[in-house]
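Counting begins at 1 with the first residue of the sequence. Since this is a predicted model, take the numbers as computed values, not measurements.
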Amino acid sequence: METEHGGRTGADAATEAFVAHRNLLFTVAYELLGSAADAEDVLQETWLRWSGVDLAEVRDRRAYLVRITTRQALTRLRTLGRRKESYVGPWLPEPLLTAPDVAEDVELADSLSMAMLLVLETLAPTERAVFVLREVFAVEYAEIAEAVGKSQAAVRQIAHRARGHVAARRPRSAASPAETRRALEAFRRAAATGDIQGLVDVLAPEVVMLGDGGGVRQAAPRPIVGADKVARLLAAGLGKVPGISTDTLRPTQVNGHPALVLRLGGELDTVVAVRVEDGLITGIYAVRNPEKLTGMTRAAALSR
C-alpha cells in the first residue's frame, strides 16, 4: 500500500522490517529459551509491540527488534524456570530440525547444540541473555544494556562472569561433523542390533545419558552415567521395541549437528542428539516428550 505521497505506510514498513529480521529474532528467542514453541510465542508478542512503535523514532530497526525480543524472552524465561521445577524427569531443550547451512556457521551451530543449551540453562536469566547477545550475536554492550535494563558497566561484569561460568562447563573440544557422524553411525548400528559391546566401544567411560519423556513417555527418571550402564539400558529398552532396525533409526541434522530420529509406525518417537569428544560419545540426549517433537516436521529458519 502507498500513501497519497507515494510512500509506504508505517504498517508496511513495520511488516517489512519484522519479516527481514524474523529468522534472527527466532534464533535469539530460541537460544534464550531452549523451546521453539515458546520462541514462536515470543515472536508474536514482539510483533504486537513492534507494530505499535513509531518508526520515525527508531534509529536501528534490527537492534530495536532484538531488544523487544530479548525483553519478552526474559519474561518468559523466568516463567519457564518455575515450570521446570515441577517437570517430571530431566528437562531437555526442544530439538530443532536444521538445514545443512546451519552447520556451516560453526559458532552458531556450537551455540545451538544440546550440550551448550544445557550449559546455558545453568545461567541466571539475565546472565544468559547477556552471554547469548554478546557471544553469539555480537550485540554491542550499549544495546544489551537497553535490552536487559542494566548499566553498561553492569553488563560488562555480567558478561565476564557468564563467560567464565560457560567456559568451565562447556565441552572441552568440539568434534567435527565428520567425527560426530562416524561415532553416531557406530552407535546407530549397535543400538539397532542390540550389540552391547558395540555400544560400549563407542561410548566414553563416563558417558551421561539424559532422557526427556516429560511424564508422558517412558524415560529414565534421572541421568544414567557410565558406558556399561548406558549400553545395557539402551540394549534392553530398544530390544523391547518391535521392528527396531537401522531403517527405523535414521540419521538427521538437529540443532546444527548430526543426530538420529527413531520412527515407529511412521510416527516420530524419539530424537537422539549426542556430544562427541575424541571420537567417543560423552553425552546422549534422548527427547521423547511429544510436545517437544512438533517442530521436527520442517527445518527451522535460523540466522545471526
Side-chain angles (χ1 to χ4, degrees), residues 29-42 73-97 112-125 127-128 169 171 187 191 199 203 206-242 244 248-249 252 254-255 257 259-275 281-297 300:
Y30 176 77
E31 292 251 12
L32 291 180
L33 299 167
S35 164
D38 285 295
E40 288 289 355
D41 287 345
V42 162
L74 273 172
T75 299
R76 189 162 290 248
L77 187 58
R78 294 181 177 107
T79 302
L80 282 178
R82 291 191 292 272
R83 241 191 272 166
K84 287 170 192 169
E85 290 173 4
S86 58
Y87 197 79
V88 178
W91 181 95
L92 287 173
E94 187 176 328
L96 290 180
L97 185 65
L112 287 166
S113 71
M114 284 283 183
M116 186 59 178
L117 288 172
L118 285 174
V119 171
L120 293 179
E121 281 292 312
T122 64
L123 296 173
E127 284 182 326
R128 183 169 183 168
R169 290 163 175 78
F187 174 87
L199 284 168
L203 300 177
E206 295 303 313
V207 62
V208 177
M209 185 175 82
L210 298 172
D212 182 341
V216 180
R217 293 273 181 85
Q218 186 174 1
R222 59 188 63 86
I224 307 299
V225 182
D228 190 64
K229 285 183 181 178
V230 170
R232 292 184 183 283
L233 180 69
L234 284 169
L238 290 171
K240 298 174 184 175
V241 178
I244 184 71
T248 53
L249 193 60
T252 189
V254 170
N255 289 57
H257 297 270
L260 298 173
V261 291
L262 174 63
R263 291 188 180 276
L264 298 176
E267 297 293 323
L268 179 58
D269 180 88
T270 310
V271 171
V272 181
V274 297
R275 182 177 75 239
I281 294 173
T282 58
I284 301 173
Y285 314 101
V287 182
R288 302 199 69 214
N289 184 347
E291 290 184 3
K292 294 188 176 183
L293 301 180
T294 56
M296 288 291 295
T297 54

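Remark: Lys84 NZ is packed, more than 12 non-hydrogen atoms of other residues, nucleotides or ligands lying under 6.0 Å away. For Gln218, the CD atom counts as loosely surrounded, since its 6.0 Å shell holds 12 or fewer non-hydrogen atoms of other residues, nucleotides or ligands.
Between Leu262 and Val272, the closest side-chain pair of non-hydrogen atoms is not below 4.5 Å. The shortest side-chain heavy-atom distance between Leu123 and Leu120 falls under the 4.5 Å cut-off. The side-chain heavy atoms of Pro95 and Met296, taken from C-beta on, include a pair separated by under 4.5 Å. Counting only heavy atoms from C-beta outward, the side chains of Met209 and Leu233 approach each other to under 4.5 Å. Side-chain contact between Val261 and Leu268 is present, with heavy atoms from C-beta onward closer than 4.5 Å.
At least one donor-acceptor pair closer than 3.5 Å links the side chain of Asp212 to the backbone N or O of Leu92. In this structure a side-chain-to-backbone donor-acceptor pair under 3.5 Å is missing from Lys292 to Gly214. Checking side-chain atoms of Arg217 against main-chain N and O of Pro290 turns up no donor-acceptor pair under 3.5 Å. A distance-only check finds no donor-acceptor pair linking the side chain of Arg169 to the backbone of Leu118 [under 3.5 Å].
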Q.
Go through it in stages, so that I can follow the logic: the residues are Thr248 and Arg263, the test is side chain to side chain contact (heavy atoms under 4.5 Å, CB included), and I'd like the CA-CA distance, side-chain angles, deciding distance and then a yes or no.
A. CA-CA 5 Å; Thr248 53; Arg263 291 188 180 276; 5.5 Å; no
Chi angles and distances behind the side chain to side chain contact (heavy atoms under 4.5 Å, CB included) call for Met114, Leu210: CA-CA 11 Å; Met114 284 283 183; Leu210 298 172; over 6 Å; no
Exercise for review: Begin with the C-alpha distance, continue with both residues' side-chain angles, and end with the deciding distance and a verdict on side chain to side chain contact (heavy atoms under 4.5 Å, CB included) for Glu206 and Thr282.
Suggested key: CA-CA 7 Å; Glu206 295 303 313; Thr282 58; over 6 Å; no
Can Thr252 and Leu97 be said to form a side chain to side chain contact (heavy atoms under 4.5 Å, CB included), step by step?
CA-CA 8 Å; Thr252 189; Leu97 185 65; 3.3 Å; yes
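In this structure, a donor-acceptor pair under 3.5 Å is absent between the side chains of Tyr285 and Asn255.
Pro93 and Val287 make their closest contact through O-CG2, 4.0 Å (heavy atoms, listed as atom of the first residue, atom of the second, distance). Taking all atoms of both residues into account, the shortest heavy-atom contact from Leu32 to Ala73 is CD1-CB, 3.7 Å. Closest heavy-atom contact between Leu293 and Asp269: CD1-O, 3.6 Å. The two residues Val230 and Val207 have their closest heavy-atom pair at CG2-CG1, 3.9 Å. Nearest heavy-atom pair across Gly211 and Pro90 is O-CD, 3.5 Å. The nearest pair of heavy atoms linking Ala286 to Thr270 is CB-CG2, 4.1 Å.
In this structure, Leu80 CG and Thr75 OG1 are separated by 11.0 Å, a value rounded to the nearest 0.5 Å. Considering CD of Glu94 and CG of Leu33, their distance stands at 10.5 Å, rounded to 0.5 Å. One distance of note links CD1 of Ile224 with CZ of Arg232; it measures 14.0 Å at 0.5 Å rounding. Taking OH of Tyr30 as the reference point, atom CG of Leu96 lies at 4.0 Å (rounded to 0.5 Å). Expressed to the nearest 0.5 Å, how far OG1 of Thr79 lies from CG of Asp38 amounts to 9.0 Å. In this structure, Leu260 CG and Leu249 CG are separated by 5.0 Å, a value rounded to the nearest 0.5 Å.
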